Asks: 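Before anything else, here's the structure in question.
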Amino acid sequence: MLDRIIGKEIASYIKRHRGMVICALVLMAISSLFVVVPAYLLQPFIDEGMKTGTSPVAWKIPWIQFDSGSWFSWKRTELTVVDGITPNRLLGLLTLVAFVAVFIRSITTYFGGLAAAAFSNRAVQSVRIDLFRKFNSLSMGFYHKEKSGELIARSTADLAVLQGLIAEVLLGLIEYPLTALVFLIFLFVMNLKLTLLVFFAVPLIALLVRLFGRKVKKHSFRVQEAIAQVTSAYHENLLCLKLVQGFFMGRSEVKRFSELAQNLYKKIMHWNRWQLGLGPMMDSVVFLVMPAVLIVGKVYFHHTLGEIMAMTYAFSRVYRPIKRLALVNNQIKTLQGATKRVFGIMARVPDIRDNARAKSLPRHHQSIEFDSVSFGYSPNDLVLKNISFRLKRGEMVAFVGSTGAGKSTLLDLIPRFYDVTEGSITIDGNDVRNVTLESLRKQIGIVNQETLLFNQTIQYNISYGSPQKSREEIIEAATAANADDFIMAQPQGYQTMVGDQGSLLSGGQRQRIAIARAILIDPAILMLDEAASALDAESERLVQAAIERLKGTRTILIVAHRLSTIMRADRIFVLEKGRIVETGTLEELLSLNGRFRQLHDMQFGAAERIGHRAESIEHGAESR
């Protein structure tokens, strides 16, 4: 039942808190039963309590009496609650009963609402954690195809919809039908024929609910999509703010964002037209029926003023939950739309995951081998083609080549950020696809060109991959990375905050923290992807010195454009258009006079020409 109403995906999370759900629904049911009490009090309050004088009166309520031996034959009668009481005392008694009924209803509503808030928020909390876990398990290929802003919207805006509607929908499905039922029973007992007149409007109301509900679901999904686009624009603009301001593109970005905001406004207004339109339509239908009911009740059935007032109150209270129930139907459609978007991600199966026979990879001690490896982000567009080589433990090798040659992609295949399209990669003879991701990645330290730091302390960032390490070990890793001196010069040393994405540190400082972080996990394999490409000469020298200290103790793979950082590599691989075109030591490659020689001469030849020009300018100044 619950699965069909709100969807089996979110229902499975709610069922984990079955006790709270039952508690909330029972309390709300009790609250709904007490809402009918005023209807039983109105008729005696007006017809008996308002009489003048001290003549005794009776408090009677409508009742039914079944004929003996049959549950299908009954007649309307009255049940005397109190007899022989003065009008004033009756008013006092009715007031006391009303107060007790309202008090009980208030208490049950309050605690029922608390229980509902507890189970709905706990369910959404579990969904939020599982969604975060799913984000961390999905492969890098998934994030190439999706906008990060839209993913953020699904984890915020869509979850906010779930959080706001789960309890409201479930409580509404108990409270509103039960409230309508108890008032209908009262009305049937009061006057069955008159009550049946109201049901002429039911088919029309049902048609309206169905029509508006389908439209609300469709437009609700479109609103969530538009919100995701706006969130994505916010996210991209904040990430690229320096670029936007540097190229003075603020007006263009505002114009683009305004179009997205306008699109969101239109989607919200379309949703509101259907969401808000149901109430007035139902009001029109019901209030066409109500005057006729009152007239027939007075003229044809000769009801007293108190009876007509009680029935009018009951009719209005029957209509209110039915109207709310129609809105709950709209909320269910909105909830289903948000659930579809959230669990659309949750249902994704990671492309990169442990296979059923995956085993733990022992610490690397022999070799890393690429055997006829080809890879493409799409099957028809290979980035790497037939790559084969073998590295011995402790070697330091470098990969150079033109931009887009596939150097960084090659490194990404080792920790299985992507799986090879053809061929295999083995570490000590173990195919990386047949070992657990944890045992593989725990052995690899990675330092990227774009250093990723959390807005936390320096110590937190260094120890991120190894939170169990002691302070002494952290300092030792920082010293090995040539980072300890500048860290101790910071206002709070290792407890200094680095700012958003490390913005309070220089590029060289961020890079050395990243190297210290990689060293601290004691990796058997260290991968440096353009680790020094954006650094000044002094920072590059310190980073190179840090790398030099690690040579021979780990297998080191370096991707570099600046050839000055790879002069001490044991071997250098030259990649062009996804293929290895040259391999050898620095001296061997220079002697080949091939592609590496071109790259070398372009960098170091330019440096020599600049040096000669500076010397000539200096000599000219001295001669003058």
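These figures come from a predicted structure and were not determined experimentally.
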Asks: Between D522 and R554, is there a salt bridge with N-O shorter than 4.0 Å?
Replies: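 Yes, R554 and D522 are salt-bridged.
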
Asks: Does R128, at its CZ atom, have more than 12 non-hydrogen atoms belonging to other residues, nucleotides or ligands within less than 6.0 Å?
Replies: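 Correct, the count exceeds 12.
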
Asks: Do Q598 and R595 meet the criterion of a side-chain donor-acceptor pair at a distance under 3.5 Å?
Replies: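 There is such a pair (donor and acceptor under 3.5 Å, judged by atom type) between the side chains of Q598 and R595.
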
Asks: Are any side-chain N or O atoms of D371 and backbone N or O atoms of I425, one a donor and one an acceptor, separated by less than 3.5 Å?
Replies: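 No, D371 side chain to I425 backbone: no donor-acceptor pair under 3.5 Å.
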
Asks: Any idea which heavy atoms bring V498 and N455 closest together, and the distance?
Replies: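 Residues V498 and N455, closest heavy atoms: CG2-CA, 4.4 Å.
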
Asks: Do you know which two heavy atoms are closest between L264 and V223, and how far apart they sit?
Replies: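 Scanning both residues, the minimum pair turns out to be CD1-O, 3.9 Å.
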
Asks: Minimum heavy-atom separation for A118 and M20, please, with both atom names.
Replies: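 That would be CB-SD, 3.6 Å.
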
Asks: Is the shortest heavy-atom distance from the side chain of S408 to the side chain of V559 under 4.5 Å?
Replies: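 Yes. Closest side-chain heavy atoms under 4.5 Å.
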
Asks: Check the angle between the aromatic planes of Y377 and F375 and answer parallel, tilted or perpendicular using the 30° and 60° thresholds.
Replies: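 Ring orientation of Y377 relative to F375: perpendicular.
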
Asks: Provide the full list of ring-ring contact (aromatic ring centres under 6.0 Å, His included) pairs with a residue in residues 346-373, sequence neighbours left out, each pair given once.
Replies: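 Only F370-F389 qualify under ring-ring contact (aromatic ring centres under 6.0 Å, His included).
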
Asks: In the structure I gave you, are the side-chain heavy atoms of D529 and V447 within less than 4.5 Å of one another anywhere?
Replies: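 Contact flag for D529/V447 side chains = no.
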
Asks: How long is the gap from CD on E9 to CG on L162, to the nearest 0.5 Å?
Replies: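 Interatomic distance, E9 CD to L162 CG, rounded to 0.5 Å: 11.0 Å.
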
Asks: Looking only at non-hydrogen atoms, find the nearest pair between F399 and K407 and report the distance.
Replies: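 So the two residues come closest at O-CD, 3.6 Å.
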
Asks: Sequence neighbours left out, what passes side chain to side chain donor-acceptor pair (under 3.5 Å) with K340? Give chain and number order.
Replies: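 With neighbours one apart ignored, the set is empty.
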
Asks: Is there a donor in the side chain of N461 and an acceptor in the side chain of Q456, or the other way round, less than 3.5 Å apart?
Replies: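 Short answer, no.
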
Asks: Quick one: are E473 and L520 in side-chain contact, heavy atoms under 4.5 Å?
Replies: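 Yes; the side chains approach each other to less than 4.5 Å.
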
Asks: Hey, are the side chains of I368 and T555 touching, using non-hydrogen atoms and a 4.5 Å cut-off?
Replies: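 I368 reaches T555 side chain to side chain.
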
Asks: Would you compute the distance between atom CD1 of I487 and atom CD1 of I513 and round it to the nearest 0.5 angstrom?
Replies: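 Reported value, rounded in 0.5 Å steps: 5.5 Å.
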
Asks: For residues K15 and S12, determine if any side-chain heavy atom of one lies less than 4.5 Å from a side-chain heavy atom of the other.
Replies: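 No; the side chains remain at least 4.5 Å from each other.
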
Asks: Answer whether the closest heavy-atom distance between the side chains of K267 and N263 falls below 4.5 Å.
Replies: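 K267 reaches N263 side chain to side chain.
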
Asks: Rounded to the nearest 0.5 Å, what separation is found between the CZ atom of R416 and the CG atom of D351?
Replies: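 Here the rounded value is 10.0 Å.
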
Asks: Would you say that I580 contacts I387 through its side chain, given a criterion of any heavy-atom pair below 4.5 Å between the two side chains?
Replies: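 Sidechains of I387 and I580: in contact.
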
Asks: Using the side chain to side chain donor-acceptor pair (under 3.5 Å) criterion, which residues pair with Q366? Sequence neighbours excluded.
Replies: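 Q366: no side chain to side chain donor-acceptor pair (under 3.5 Å) contacts found.
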
Asks: Using only heavy-atom distances, determine whether the side chains of Y494 and D484 contain a donor-acceptor pair under 3.5 Å.
Replies: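 A donor-acceptor contact under 3.5 Å links the two side chains.
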
Asks: Less than 4.5 Å apart, side chain to side chain, heavy atoms only: is that true for N430 and K359?
Replies: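 With C-beta onward as the side chain, the pair touches.
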
Asks: Under the 3.5 angstrom rule, does the side chain of R512 hit a backbone N or O of N482 as a donor-acceptor pair?
Replies: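 Confirmed, R512 side chain pairs with N482 backbone.
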
Asks: Report yes or no: does Q509 contribute a side-chain atom to a donor-acceptor pair with the main-chain N or O of S506 at less than 3.5 Å?
Replies: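 Between the backbone of S506 and the side chain of Q509 there is a qualifying donor-acceptor contact (under 3.5 Å).
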
Asks: Has T426 got a side-chain atom pairing as donor or acceptor with D431's backbone, closer than 3.5 angstrom?
Replies: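 Such a contact is absent between T426 side chain and D431 backbone.
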
Asks: Regarding E588 and S591, is there a side-chain donor-to-acceptor distance under 3.5 Å anywhere?
Replies: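 Side chains of E588 and S591: no pair found under 3.5 Å.
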
Asks: With E395, which residues qualify under side chain to side chain contact (heavy atoms under 4.5 Å, CB included), at least two apart?
Replies: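 Scan of E395 (side chain to side chain contact (heavy atoms under 4.5 Å, CB included), adjacent residues dropped) gives L391, K392, V397, D570, R571.
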
Asks: Give a yes-or-no answer on whether the side chains of E422 and S372 include a donor-acceptor pair shorter than 3.5 Å.
Replies: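 Absent: no donor and acceptor within the cut-off.
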
Asks: Decide if atom CD of E476 counts as having more than 12 heavy atoms of other residues, nucleotides or ligands within a radius under 6.0 Å.
Replies: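 Count not over threshold, so no.
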
Asks: Using modelled atom types only, decide if a donor and an acceptor are shared between the side chain of S463 and the backbone of Q459 within a distance under 3.5 Å.
Replies: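 Confirmed, S463 side chain pairs with Q459 backbone.
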
Asks: Of all heavy-atom pairs between F119 and I166, which one has the smallest distance, and what is that distance?
Replies: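 In terms of heavy atoms, the two residues are closest at CE1-CG2, 4.1 Å.
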
Asks: Can you tell me how far OG of S155 sits from NZ of K134, rounded to the nearest 0.5 angstrom?
Replies: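 Answer rounded to 0.5 Å: 15.0 Å.
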
Asks: For Y13, does the six-membered ring have the charged nitrogen or CZ of R16 within the cation-pi criterion, i.e. under 6.0 angstrom from the centroid and within 45° of the normal?
Replies: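 Yes.
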
Asks: Strictly below 4.0 Å, N to O, side chains only: are R597 and D601 in salt-bridge contact?
Replies: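 Salt bridge flag = yes for D601 with R597.
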
Asks: Under the ring-ring contact (aromatic ring centres under 6.0 Å, His included) test, which residues partner Y464, sequence neighbours left out?
Replies: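 Checked Y464 against ring-ring contact (aromatic ring centres under 6.0 Å, His included); matches are F454.
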
Asks: Is there a donor-acceptor pair closer than 3.5 Å between any side-chain N or O of Q229 and the backbone N or O of A261?
Replies: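 No.
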
Asks: What residues, two or more places apart in sequence or in another chain, satisfy salt bridge (charged side-chain N to carboxylate O under 4.0 Å, His left out) together with E438?
Replies: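 Salt bridge (charged side-chain N to carboxylate O under 4.0 Å, His left out) check on E438 returns nothing, list empty.
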
Asks: Please report the shortest heavy-atom distance between G552 and R393, naming the atom on each side.
Replies: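 For G552 and R393, the tightest heavy-atom pair comes out as O-NH1, 4.4 Å.
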
